[in-house]
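Here the structure comes first, spelled out in C-alpha cells, and everything after it is commentary.
The basis for the numbers below is simple: all heavy atoms, side chains too, and nothing from hydrogens, waters or symmetry mates. Letters A, B, ... are given to chains in the order of the sequence lines, protein chains preceding strands, and every chain is numbered from 1.
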Amino acid sequence: MADKVTPRSEDYSRWYTDVIQRAEMADYAPVRGCMVIRPYGYALWENLQSALDKRFKATGHVNAYFPLFIPMSFLRKEQEHVEGFSPQLAIVTIGGGEQLEDPLVVRPTSETIIGHMYAQWVRSYRDLPILINLWNSVVRWEQRTRLFLRTTEFLWQEGHTAHATYEEAEEETLRMLNIYADFAQNEAAVPVIMGRKSESEKFAGALRTYSIEAMMGDKRALQSATSHNLGQNFAKAFNIQFLDRDNALKTCWTTSWGLSSRMIGAIIMVHGDDQGLILPPRLAPLQAVIVPIWKSDAERAGVMESAQALAKELDGLRIKLDDRDDVSPGFKFNDWEMRGVPLRIEIGPRDVAQGNLVLARRDVPGRPGKTTVPRAGARQRIEEMLATIQSDLYARALAFREANTREPRSYDEFKAAVEDGFARAWWCGSAACEAQVQEETKATIRNVPLDQPGGTGPCIVCNSTATEQAIFAKAY
RNA sequence: CGGGGCGUAGCGCAGCCAGGUAGCGCACUUGAAUGGGGUUCAAGUGGUCGGAGGUUCAAAUCCUCUCGCCCCGACCA
C-alpha cells in the first residue's frame, strides 16, 4: 500500500486503478464487473450524498424507495426505452424455484416503475408536481467495466418528477442540471460544461437530455451527471393523467435526473497527481491529518499532549491524529498524501518549544507547500487554508481544461484538437456529421453548451451554416 | 462479441522450453535500535502451483478440456 503508483504519464489507466486500490477507496469484488466500495471511498460518497441531498431538499424534493425488481412487461411499455436498455439488463427468471411468468428485471433505472405508481397517485392538478428522489443502486450489464466509472452495479440517485405543463418540466430539468453543476464546482471543485446531448446520445425514452461534462487529467471527457426532460413519453406509456383546473383530462410531463458513484471517478481523475489522490476539502473524508514527530520518550509525551490538545481544538473539522507508533513520520506523510488528505499538520518537539505548527498542503507538494504558523489561532488558519485549497483546486482544473480546449477553424485542426483535448466547434445539428466525426476520430459530441456565442458559423464537418457550437472529445 | 495477455504465498514475480516434490522481493509476525519526507538489522509465519482429466516410477513443468481475470476495440452513467 505504501508503494509508489504508476506515474500518470506512463499509463493513465494503471495510475487510476493503482491509486484507488492503494488509497483503499475500492477493491475488485469476486463478481465480474462489480466492486467493493471500502470505508474510505464510502465516506467520500456519504459526503457527496449529503451535499447533494441538501440541495435536493432545498428545492422541494423528498426521498423515497422503490423496488429493486421491475416487471419486464413495464419496460416494454416505452419502446425507445426498452430498446435502449435491453442489451444491458440482468433478468430474474426463476423465483422460489419456479419459472416466473413475467420475468423481473433488476432495475437499470426506475422510470417505468415510477410511471406505474405516479399514474395511481396523480388524479388532480392539486397532486402536482411530484418531486421524488431515490438513493439506490442500479444494475447495467456492462461489457467493459472500470472502478467507479463503469461497474455492473453502481450507486446513484435518481430523481423523478411529474408536472402539469411542459414548461414546468423543462424548468425542473434545467434546475437540476444547475444543481449538479453547482455541486460539481463548489463541492467537488470539478469545473463542468452544462449542455444538451445530441439525439444519438440522449437517454432512451427522453425528449431531451442535458449533461454536465468535465475534463479528466488525461484530457478525456466524463459525463458527470444527466438531467432528462422526458416529455410525455413515459406519462403516456403509463397513463399518468390529471384533471386540470379547466376540468380537462391532461397527460403529465415528467423528468428524471441522476448522478452516480462515477462522480468519485471524476474527482480522482480531475485532481489526483503521481503521489496519489487529492481530495477537495469540502468532500474529503479527512480534511486534515495531524502527524506527531518525536525522538525520545520525553519528547513523545510533550508532542502527543500538544497534538491531542490541537485535535480537540479542531473539533468539528474532519481530523485524524495519526498516533501510530510503528511507522515513521516520513511514511505517514506519503501514506496520507496517497489518500489525498488536503492538509497535513506536523507537530514536533521544535514546534512545541516554539509554539508553532507546520501546515503542508496536499495540492502543493514538497517544501513550497509547507508553512510554519503560530499555534495560537491555528484553527482559523487551518480553516482558511482548507478554503484556499478548495478554490485553488477548482481554479487549477479550470485552467487545465481551458488550456486544453481549442476552437479549430478547419477539419484538420479539429482532428488534431480532439486527439489531445476538447474541441469547441460549430455543428450544423445533423446526425450524419456527428457520425462522421465519431467514425474518423473516435471523438463524440459531449454536449451542446447552454452557453453559446450567438450568431452562426460553418459546421466543422460539412461547412453548412450552423447556429450552435458543440463540445467534441474522446469520452469515458 | 472481436483481438491480446495472464492465472505459482496477501501483492508483484521467477521456476515451465530440456519433468525429480517450490523460490525471490514486498507485505505480515516477534525483538531491538530508529523517528522533521517511504528507517535498519535479526529471527519467523504463510502455497491442494485456477480447476478437471490424461501421460509418467515421478507433473507447477508435457498433453486435452475447462473456469476466471486484466488490457485494447464496438456499446454504455
Quick one: Arg361(A) CZ to G37(B) C1', roughly how many Å, whole number? 19 Å
Taking the C1' atom of each, how far is C70(B) from C28(B), in whole Å? 26 Å
With both distances kept under 3.5 Å, what pairs with G38(B), Watson-Crick or G-U wobble? none
Whole-angstrom distance between A9(B) and G3(B), as gauged at atom C1': 33 Å
Sorted by chain and residue number, the side-chain hydrogen bond (donor to acceptor under 3.5 Å, both in side chains) partners of Asp351(A) (sequence neighbours excluded) come out as none
Who passes side-chain contact (heavy atoms from CB on, under 4.5 Å) against Pro7(A), sequence neighbours left out? Ser9(A), Glu10(A), Asp274(A)
Sugar-phosphate only, base, or nothing, as touched by Asp325(A) at under 4.0 Å among non-hydrogen atoms: base
Euclidean distance for C1', G36(B) against U29(B) (whole angstrom): 29 Å
Remember a base hit wins even if backbone is also touched, and classify Leu222(A) as base, sugar-phosphate or nothing at under 4.0 Å, heavy atoms. nothing
From CG of Asp326(A) over to P of U39(B), roughly how many Å is that when rounded to an integer? 11 Å
Arg14(A) CZ to G5(B) C1': how many Å, rounded? 13 Å
Check the side chains of Ser198(A) and Glu434(A) for a donor-acceptor pair under 3.5 angstrom, ignoring hydrogens and angles. yes
Apply salt bridge (Lys or Arg N to Asp or Glu O under 4.0 Å) to Lys442(A) and list each qualifying residue two or more places apart in sequence or on a separate chain. none
Residues in contact with RNA chain B, drawn from residues 341-353 of chain A - heavy-atom cutoff 4.0 Å: Arg344(A), Glu346(A), Gly348(A), Pro349(A), Arg350(A), Asp351(A)
Which pairs with one or both residues in residues 201-212 of chain A pass side chain to side chain donor-acceptor pair (under 3.5 Å), sequence neighbours excluded? Tyr166(A)-Arg208(A), Glu170(A)-Arg208(A), Glu170(A)-Tyr210(A), Glu199(A)-Lys202(A), Arg208(A)-Tyr210(A), Thr209(A)-His228(A), Ser211(A)-Glu213(A), Ser211(A)-Asn447(A)
Using a distance-only criterion (donor-acceptor N/O pair, under 3.5 Å, no hydrogens), is the base of G37(B) paired with the side chain of Lys370(A)? yes
Do you see a donor-acceptor pair shorter than 3.5 Å between the side chains of Arg375(A) and Ser306(A)? yes
I need the residues from residues 290-300 of chain A with at least one non-hydrogen atom less than 4.0 Å from RNA chain B; give them sorted by number, or say none. Ile293(A), Trp294(A), Lys295(A)
Would you kindly give the CG-to-P distance between Asp335(A) and U39(B), to the nearest whole Å? 11 Å
Residues within residues 256-264 of chain A bordering RNA chain B, heavy-atom distance below 4.0 Å: Ser260(A), Arg262(A)
Taking any strand in view, what nucleotide pairs with C1(B) in a Watson-Crick or G-U wobble way, both distances under 3.5 Å? G73(B)
Could you verify whether a donor N or O on one side chain and an acceptor N or O on the other, from His61(A) and Gln157(A), lie under 3.5 Å apart? no
Here the distance between atom C1' of C76(B) and atom NZ of Lys197(A), to the nearest Å, is 11 Å
Would you please say whether a donor-acceptor pair under 3.5 Å links the side chains of Thr152(A) and Glu142(A)? no
Pairwise P distance for C24(B) and G44(B), with rounding to whole Å: 13 Å
Please give the distance between the P atoms of A14(B) and G5(B) as a whole number of Å. 15 Å
For nucleotides G12(B) and C71(B), find the distance between their P atoms and express it as a whole number of Å. 13 Å
Using the 3.5 Å cut-off, write out each protein N or O paired with an N or O of nucleotides 68-75 of chain B and the distance between them.
residue	atom	partner	partner atom	Å
C72(B)	OP2	Arg144(A)	NH2	2.4
G73(B)	OP2	Arg144(A)	NH1	3.2
A74(B)	OP1	Lys442(A)	NZ	3.2
A74(B)	N1	Gln143(A)	OE1	2.4

Aromatic contact, Tyr180(A) with Phe183(A) (centres under 6.0 Å): no
Atom pair CG (Leu44(A)) and CZ (Arg38(A)), whose distance is rounded to the nearest 0.5 Å: 15.0 Å
Within the structure shown, what part of the strands sits under 4.0 Å from Val138(A) by heavy-atom distance: base, sugar-phosphate, or nothing? nothing
With a 3.5 Å limit on both atom pairs, tell me what C24(B) is paired to, counting Watson-Crick and G-U wobble, or say none. G12(B)
Let me know the distance between CG of Asn334(A) and P of C26(B), rounded to the nearest Å. 18 Å
Sequence neighbours excluded, the answer for side-chain contact (heavy atoms from CB on, under 4.5 Å) partners of Glu384(A) is Gln380(A), Arg381(A)
Between CD of Glu24(A) and C1' of G10(B) the distance, given in whole Å, is 13 Å
For Trp156(A), what residues pass the side-chain contact (heavy atoms from CB on, under 4.5 Å) criterion, not counting sequence neighbours? Thr109(A), Asn136(A), Val138(A), Arg140(A), Phe154(A), Glu158(A), Ser260(A)
Between atom CZ in Phe333(A) and atom P in G36(B), what is the gap in whole Å? 7 Å
What is the nucleic acid contact for Phe203(A), judged by heavy atoms within less than 4.0 Å: base, sugar-phosphate only, or nothing? nothing
Are Phe472(A) and Phe422(A) near enough that their ring centres are under 6.0 Å apart? no
side-chain contact (heavy atoms from CB on, under 4.5 Å) partners of Ala43(A), counting only residues at least two apart: Pro285(A)
Taking ring pair (Phe, Tyr, Trp, His ring centres under 6.0 Å) as the test, write out the residues that go with His81(A), two or more places apart. Phe85(A), Phe203(A), Phe234(A)
What distance, rounded to whole Å, do you find between the two P atoms, one in A60(B) and one in A22(B)? 9 Å
Do Asn63(A) and Asp53(A) pass the side chain to side chain donor-acceptor pair (under 3.5 Å) test, and can you show the C-alpha distance, the side-chain angles, and the key distance before you say yes or no? CA-CA 9 Å; Asn63(A) 288 331; Asp53(A) 204 62; 3.0 Å; yes
